**Student:** 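Here it is, the structure in full.
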Amino acid sequence: MTTAVTGATGHFGALVVDGLIERGVAAGEIVAIVRDAAKAQVLAARGVQVRVAEYGDRDALKVALDGVDKLLLVSGSEVGQRIAQHTNVIEAAESAGVSFIAYTSILAADTSGVSLAAEHLATEQRLASSSIPSVLLRNGWYWENYQGPLQQVADTGVLLGSAGDGRLAGASRSDYAAAAVAVLVSEDQAGKIYELGGDERLTYTELAGVMAQVMGNPVEYQDVPEATYREILQGAGLPDFVAEMLASADAGIARGELDTESGDLQKLIGRPSTPVATVLS
């Protein structure tokens, strides 16, 4: 049983490959699909099959997926191009005879108003029309998303955002990767939809309190309108699409779209999710 992971040298994909090996999958039965073979030398040294293919190259993807039974399609990072890229992977998988696809989507993709959700939903719909059975791993927000702003928060004593009093059921990247591994090593997963979120369901005010504990300095949450937050992020030098993504995500948090009490993550990984304080420390 051969399992392929796209984006296998990325933060998420690399964790999944590690997790598969830890769960007893032979390295030689794992296919790491990467853009740059040089970055996958460590994987190759462990005996993992390294195959080069970009999401935009359907022919290369078909070759890379030859002989693969299960595929984890890790959503691409190029916002705005992901529908076409994911479609390439799915169609290559169909041509190659892949028998199962797991896809990393976003929490409540079918109802969410978060800007990122549209491309995820389109991918989910393409999977639904595919002849290949699939499972949806609807990942919530990563606590790692708040590592970047920590220095600014420390300097200013302010966590800025537009999430209002909404709750965020975040978890660590390693938690979501462990969930993906659990699905890949299990049977009878086809057709399932997992809404994945952590045990801590925090407001930004509560998140600011955790940051204060981690840094040892007072932190307060300052809420601003979504448009204002977007402009502030743009003024700080972030690309427009990144500013839009972050502001839209905060607005989604305010609406409760990145919160869940499903317990799906905890059931899959067999433990509580990683505390945000652990991730930010």
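Not measured: the values here are computed from a predicted model.
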**Student:** Measure from the side-chain N and O atoms of Ser273 to the backbone N and O of Gly198, and report whether any donor-acceptor pair falls under 3.5 Å.
**Tutor:** no
**Student:** Measure from the side-chain N and O atoms of Asp57 to the backbone N and O of Glu54, and report whether any donor-acceptor pair falls under 3.5 Å.
**Tutor:**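 Flag not set: sc Asp57 to bb Glu54 has no pair under 3.5 Å.
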**Student:** Are Ser134 and Tyr103 linked by a side-chain donor-acceptor pair shorter than 3.5 Å?
**Tutor:**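 There is no such pair (donor and acceptor under 3.5 Å, judged by atom type) between the side chains of Ser134 and Tyr103.
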**Student:** With rounding to the nearest 0.5 angstrom, report the CZ to CD distance, Arg173 to Glu144.
**Tutor:** 4.5 Å
**Student:** List the steps, then state whether side chain to side chain contact (heavy atoms under 4.5 Å, CB included) holds for Ser75 with His86.
**Tutor:** CA-CA 7 Å; Ser75 56; His86 296 168; 3.8 Å; yes
**Student:** Under a 4.0 Å threshold between the charged nitrogen and the carboxylate oxygen, would Glu187 count as salt-bridged to Lys70?
**Tutor:** yes
**Student:** Check the pair Tyr142 / Tyr176 against ring pair (Phe, Tyr, Trp, His ring centres under 6.0 Å), numbers first and verdict last.
**Tutor:** CA-CA 9 Å; Tyr142 293 5; Tyr176 295 120; 5.2 Å; yes
**Student:** What is the minimum heavy-atom distance between Ser112 and Glu257, and which atoms define it?
**Tutor:**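 Result for this residue pair: OG-OE1, 3.4 Å.
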**Student:** Please check if the side chain of Trp141 supplies one atom and the backbone of Gly170 the other of a donor-acceptor pair under 3.5 Å.
**Tutor:**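 Not a single qualifying donor-acceptor pair exists.
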**Student:** So, does Asp69 use its side chain to make a donor-acceptor pair with the main chain of Ser99 at under 3.5 Å?
**Tutor:**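 Looks like no, no N/O pair under 3.5 Å.
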**Student:** Given the rule in the side chain to side chain contact (heavy atoms under 4.5 Å, CB included) test, do Val89 and Leu71 qualify, once you have shown the distances and angles that lead to the verdict?
**Tutor:** CA-CA 10 Å; Val89 178; Leu71 168 65; 3.9 Å; yes
**Student:** Give the minimum heavy-atom separation between Ala8 and Leu43, together with the two atoms involved.
**Tutor:**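 Minimum heavy-atom separation between Ala8 and Leu43: O-CD1, 3.9 Å.
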**Student:** Any chance you could measure Ile132, atom CD1, to Ile90, atom CD1, to the nearest 0.5 Å?
**Tutor:**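 Reported to 0.5 Å precision, the distance equals 8.0 Å.
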**Student:** Looking at Gln81, I'd like to know if its CD atom is crowded, meaning that more than 12 non-hydrogen atoms belonging to other residues, nucleotides or ligands lie closer than 6.0 Å.
**Tutor:**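 Above 12, so yes.
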**Student:** Which atom names give the shortest non-hydrogen contact between Phe12 and Ala180, and what distance separates them?
**Tutor:** CZ-CB, 4.3 Å
**Student:** Testing Leu20, Leu15, Asp18 one by one against Val181 for a side chain to side chain contact (heavy atoms under 4.5 Å, CB included), which residue passes?
**Tutor:**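 For Val181, the side chain to side chain contact (heavy atoms under 4.5 Å, CB included) test succeeds with only one of Leu20, Leu15, Asp18, which is Leu20.
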**Student:** Between Arg138 and Asp110, is the closest basic N to carboxylate O distance under 4.0 Å?
**Tutor:**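 The answer is yes: the pair qualifies as a salt bridge.
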**Student:** Hey, are Ser105 and Glu124 close enough side-chain-wise for a donor-acceptor pair under 3.5 Å?
**Tutor:**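 A pair is found: one side chain offers a donor N or O, the other an acceptor, under 3.5 Å apart.
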**Student:** Any side-chain to backbone donor/acceptor pair from Glu206 onto Thr203? Under 3.5 Å, distance only.
**Tutor:**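 Present.
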**Student:** Search all heavy atoms of Leu61 against all heavy atoms of Ala92 and return the closest pair with its distance.
**Tutor:** CB-CB, 3.6 Å
**Student:** How many angstroms lie between atom CD1 of Ile83 and atom CG of Leu121, to the nearest 0.5 angstrom?
**Tutor:** 9.0 Å
**Student:** Is the backbone N or O of Ala163 less than 3.5 Å from a side-chain atom of Tyr221, with the two atoms forming a donor-acceptor pair by type?
**Tutor:**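 Flag set: sc Tyr221 to bb Ala163 pair under 3.5 Å.
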**Student:** Between the side chains of Arg126 and Glu94, is the shortest nitrogen-to-carboxylate-oxygen separation below 4.0 Å, so that they form an ion pair?
**Tutor:**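 Yes, this pair counts.
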**Student:** Identify the heavy atoms of Tyr55 and Asn88 that sit nearest to each other, and give their distance.
**Tutor:** O-ND2, 3.0 Å
**Student:** Tell me, with the steps shown, if Leu127 and Leu136 meet side chain to side chain contact (heavy atoms under 4.5 Å, CB included).
**Tutor:** CA-CA 9 Å; Leu127 284 168; Leu136 303 178; 4.0 Å; yes
**Student:** Output yes when Glu78 and Arg82 qualify as a salt bridge under the 4.0 Å nitrogen-oxygen rule, no when they do not.
**Tutor:** no
**Student:** For Asn139 and Thr104, test the side chains for any donor-to-acceptor distance below 3.5 angstrom and give the result as yes or no.
**Tutor:**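 There is no such pair (donor and acceptor under 3.5 Å, judged by atom type) between the side chains of Asn139 and Thr104.
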**Student:** List the steps, then state whether side chain to side chain contact (heavy atoms under 4.5 Å, CB included) holds for Tyr146 with Leu168.
**Tutor:** CA-CA 12 Å; Tyr146 300 95; Leu168 168 65; 3.2 Å; yes
**Student:** Measure the spacing between OG1 of Thr6 and CZ of Arg35 and express it to the nearest 0.5 Å.
**Tutor:** 11.0 Å
**Student:** List the atom of Ala179, the atom of Ile269, and the distance in Å for their closest heavy-atom pair.
**Tutor:**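 That closest heavy-atom pairing would be N-CG2, 3.5 Å.
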